[in-house]
Amino acid sequence: MAGPETPSYRYDASTAADIESRWQYWWRAHGIYETPDPGDPPTAEGRVLAEQPKLFVMDMFPYPSGSGLHVGHPLGYIATDVYARFKRMTGFNVLHTMGFDAFGLPSEEHARQTGQHPRTNTEANIANMSRQLDRLGLGHDKRRAVATTDSSYYHWTQWIFLQIFDSWFDPERNRARPVAELIAELDAGTRTLDSGDEAGPTPPSAWNALDDTAKRRVIDGYRLAYMAEVPVNWCPALGTVLANEEVTAEGRSERGNHAVFRRPLKQWMMRITAYADRLLEDLDRLEWPESVKVMQRNWIGRSSGAFISFPTDAAETDAVRVSIEVFTTRPDTVFGATFMVLAPEHPLVDILTAESWPADTDPAWTGGATTPAEAVARYRDQSGRRSNTGRAEDRAKTGVYLGRDAIVAVNGSPIPVFIADYVLMEYGTGAVMAVPGEDQRDREFAETFGLPIIRTVQPPPDHPDGEAYPGEGPAINSGFLDGLGVDDAKACIIEWLEVNGVGSGAVTYKLRDWLFSRQRYWGEPFPIVYDDTDLPIALPETELPVELPDLVDWAPRALDEDSEPEPPLGRVPEWTTVELDLGHGLRRYRRELNTMPQWAGSCWYYLRYLDPTNSEALVDPEVERYWMADSNEEGPGGVDLYVGGVEHAVLHLLYARFWHKVLYDLGHVSGSEPFRRLVNQGYIQSAAYQDSRGVYVPADEVEGSARSGFTHRGRSVTRTFGKMGKSLKNSVTPDDMYVAYGADTLRLYEMFMGPIDQDRPWQTRSVVGSQRMLQRIWRNVIDENTGELRVSDEPATDDLRRILHRTIDGVRSDMEDLKFNTAIAKITELNNELTRRTGATPREAADALVRMLAPLAPHLAEELWHRLGGEGSVTRAEFPTPDPAWLLDDTIEVPVQVNGKVRGRVEIAADADEAAAVAAALAEPGVVAHLRGQVPSRQIFVPGRMITFVV
RNA sequence: GCCCGGGUGGCGGAAUUGGUAGACGCGACCCCCUUAAAAGGGGUUGCCCGUGAGGGCAUGUGGGUUCGAUUCCCACCCCGGGUACCA
């Protein structure tokens, strides 16, 4: 690398490689990054670190993908490392480590492509990614690393599942409780069954009359983890069902972009909806980006309104008349309801469908069918086929009349009942009262089918006649509501509905229960077996972990739309059944064959970092309290800083919060939230090049420049920017950077590129700037030619001291605020100042410089620290503290404005009063020239800032 | 459509509560060192007019408030992300 003329002791890539490998070895040998827990013995330095305030810093752990890391991946890891190192140097006991999230679709799909077993692949990938990460010099406590695929880890994933399975949500206490308590209350008669329970026709009081199987069925209906036949997202190409969160708006799988079909299947569900309000309310207490909070709020989708019953003359039995129940956020507009719409698959449709069309039925309402039943059948067929893709506003309103009317309870008017696919079965009650005056969708339907439109809310004069007005009021044409604003009108009508028994105020959510089972191999097996009742039985804790059997034929089969999911675990006859004694003697049980979704392992890994090898418990309670407990003054405890990509805004972060709250309710954790503070790091983008066909070509083979044009193998290509990765063929690997510049330079460059939460384009040619900076720092401490220290013990000049302390002050606050880019700029300025001054660097300046550099470029800082005679590791040194005496200047330069424009600058005493400052300003030639002899009509003096004259 | 972000030199980006716009770096240009190149060092670098001193214009656009606006208010344009027949 170094040419014949290069000084022998220059800091270059080979020097960096030498320094970095030496100190990484030394750090490992001395356990420098091992974080003590409460109760651990004092360190070699005699300090009991756990007596310091704690700080838990965490990254979203990666999938061990086969292609390894590109320089975009470690951005967040470097940021947390810099912060963790800074906080360590300012007196915190910092927990920082890293694990691997290795179960789930990504690993399995990758294994499928490479034709290897997922475990082989996963282990190789973990080894490769660990090597790449280690090379960065991240200060992780390696003893605490976990992989979700280790049975010693998923043992506890299964254990948590059992906790959830053995719990129910008590709405009165608004928290989860053990199922055993529910059974005890039912047995004692202190609780009776709700009418909605799966007890069928059995009267609620008759719990004690049920046989054991019926009781189990009732209890299963209460559990937070339960099985239900629900409409699910069946993805035949992946051979599995998917959670709503894993399906795109286009109705395709997030992974692989395969077609997804809605169909009812019996699956495991998690009752996350029970926690909707707490998940919503507690967001306010979190230090998270507002955008992520908004996304979670929208996903939970709380809306308040009312359920309203609309009676019909259809008969369920001779005695019972069918009423249609709707949910509306605007019960105040009920006087404007001119028709009703049910989702085509609504269970009441068959009962409501009339025998024949009533006289004078508009032919447009019948869909050309001779009977309502025929119209319904045809419409269902047609809308079922139609994919869910396409934009809502592009879709014309369609539907058919059922030949039946319903009655609006407030005024007794009969209104026709339709089915239409613009009403979704999944939301509310799957039926709406259509109010075309105030709802644009209802209005479009009304216009298509010639239905009456009544305004019951007064629109402003400039509101277009042809549009619905969903505004605030006042109410018109609404009987006793007329004149009221929306809030009063809602309250008034809800009271009326409740008094008259035809409705009630209510809250609904968009959030659905979490579909928790997958028909894949590479996941955690459920700790569940079945007996001949086909009801699930939790395995006792002594049976954990339920190990994932080693399958040769593990790959999912790609199936077609109408096929049944086929869990690969069902292919191992010796595993699918098991002989156990569960208290009824030795019997044969059937195992659950599904596996858990990839989110399961990542829902709780932060807890395992606390106590990764504990074989008796998820985490030791004392250790858990130390790291995670809520603080009374500052709100929720938990992870103090969690950094990761915004793509997990709803999936992982919502699931993890849910599990944490269940564990909190059951007393297993001491804080109500897992992640107190969240930061989304930006993406590193990189130039990508497409040929004339639009195909991406490898970016590292492209030649040319923006001015001359870009070419690939002689053909011209066009440049775009995008997220670094395989698909755009624009990855830059950290390995290349290690070779060309070293890890410290890469770290410094990534932190210098811009604010941590901002996307930024990667520019390899700019990396050299960060290397030069380290080189100049090195040169201010070490003589390049001799390798000798060039530091003097002479005191620094007052001037240098002021610069030094101002830098320390600024760097401290920038680091505290995660503003590493400006912290680096300030260190650079100080270093430039030292470069400008010839002669040896004063030791006090070199010492502070090295300490400030330590979080950013730990290897170089460690090297210089030791050369300067430092004891132990710079990791454990104290971060410099500014001396306030040196933060103030005797004199300052302030600008002088005339009529708002800067016309000169004057040097005045820092504590100069207005009179002195103005006198100085009026003596400044540039100011005199612009005043042109006039006396200012006004003068403004901002101490320390500026002087302004107005003429 | 709705909800969040964001528009500052050739490029990445700085600018406490409204108070010197462009810190720091990349690139470019000039110079030093060198037989030469690379590396390294020194200098210049928002745009326009002017030899110069100096002047004018500049933080997406147009208004407003103010002695003074990148910062506050109103309207609009563009880019990125989320979401979408949610009753």
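Chain letters run A, B, ... following the sequence lines, proteins first, then strands; residues in each count from 1. Just so we're clear, the structure is a prediction, and the values are computed from it rather than from any experiment.
A sub-4.0 Å separation between OP1 or OP2 of B:C85 and a side-chain N or O of A:Gln440 is absent. In terms of phosphate contacts, A:Ser303 brings a side-chain nitrogen or oxygen within less than 4.0 Å of OP1 or OP2 of B:A87. Proximity of A:Arg772 to the phosphate of B:G27: a side-chain N or O atom is located under 4.0 Å from OP1 or OP2. OP1 or OP2 of B:C67 sits under 4.0 Å from a side-chain N or O of A:Arg938. Side-chain N/O atoms of A:Lys901 include none lying less than 4.0 angstrom from OP1 or OP2 on B:G19. For the pair A:Asn821 and B:A14, the criterion of a side-chain N or O lying under 4.0 Å from OP1 or OP2 is met.
Atom CZ of A:Arg297 and atom CG of A:Leu283 lie 5.5 Å apart (nearest 0.5 Å). In this structure, the separation between CG on A:Leu774 and CZ on A:Arg779 is 11.5 Å, given to the nearest 0.5 Å.
Taking atom C1' on both B:U71 and B:G6, the two are 15 Å apart, rounded to the nearest angstrom. Comparing B:C33 with B:G42, their C1' atoms are spaced 11 Å from each other, to the whole Å. For the P atom pair drawn from B:G64 and B:A69, the interatomic distance equals 12 Å after rounding to whole Å. Here the separation of B:G22 from B:A37, taken at their C1' atoms, is 35 Å to the nearest Å. Using atom P as the reference point in both B:U61 and B:U66, the two lie 23 Å apart (nearest Å). The gap from the C1' atom of B:A23 to that of B:U70 amounts to 15 Å, rounded to the nearest Å.
Which of B:G40, B:C24, B:U17 sits closest to the side chain of A:Arg945 comes down to B:U17. Each of B:G40, B:U20, B:C24 was ranked by its minimum atom distance to the side chain of A:Gln775; first place goes to B:G40. Closest to the side chain of A:Met946, from the set B:C3, B:G19, B:C85, is B:G19. In the set B:C57, B:G13, B:C86, the nucleotide with an atom closest to the side chain of A:Lys510 is B:C86.
Residues A:Val82 and A:Arg747 are in side-chain contact: their nearest non-hydrogen atoms beyond the backbone lie under 4.5 Å apart.
B:C2 is paired with B:G82 under the Watson-Crick or G-U wobble criterion, all donor-acceptor distances under 3.5 Å. Pairing partner, B:A87: none, since no Watson-Crick or wobble contact has both distances short of 3.5 Å. Across all strands shown, B:C57 pairs with B:G46; the Watson-Crick or G-U wobble distances both stay below 3.5 Å. Using Watson-Crick or G-U wobble geometry with both donor-acceptor distances under 3.5 Å, B:A69 finds no partner in any strand shown.
The base of B:C24 has none of its N or O atoms less than 3.5 Å from a complementary donor or acceptor on the side chain of A:Lys826.
The OH-C1' distance, from A:Tyr683 to B:G81, rounds to 10 Å in whole Å. Look at CG on A:Asn298: it is 18 Å from P on B:G81, rounded to the nearest Å.
Geometrically, A:Lys397 does not engage A:Phe445 in a cation-pi contact defined by less than 6.0 Å to the ring centre and at most 45° from the axis.
Annotation for A:Phe949 and A:Pro936: closest pair CD2-CG, 3.7 Å, computed over non-hydrogen atoms.
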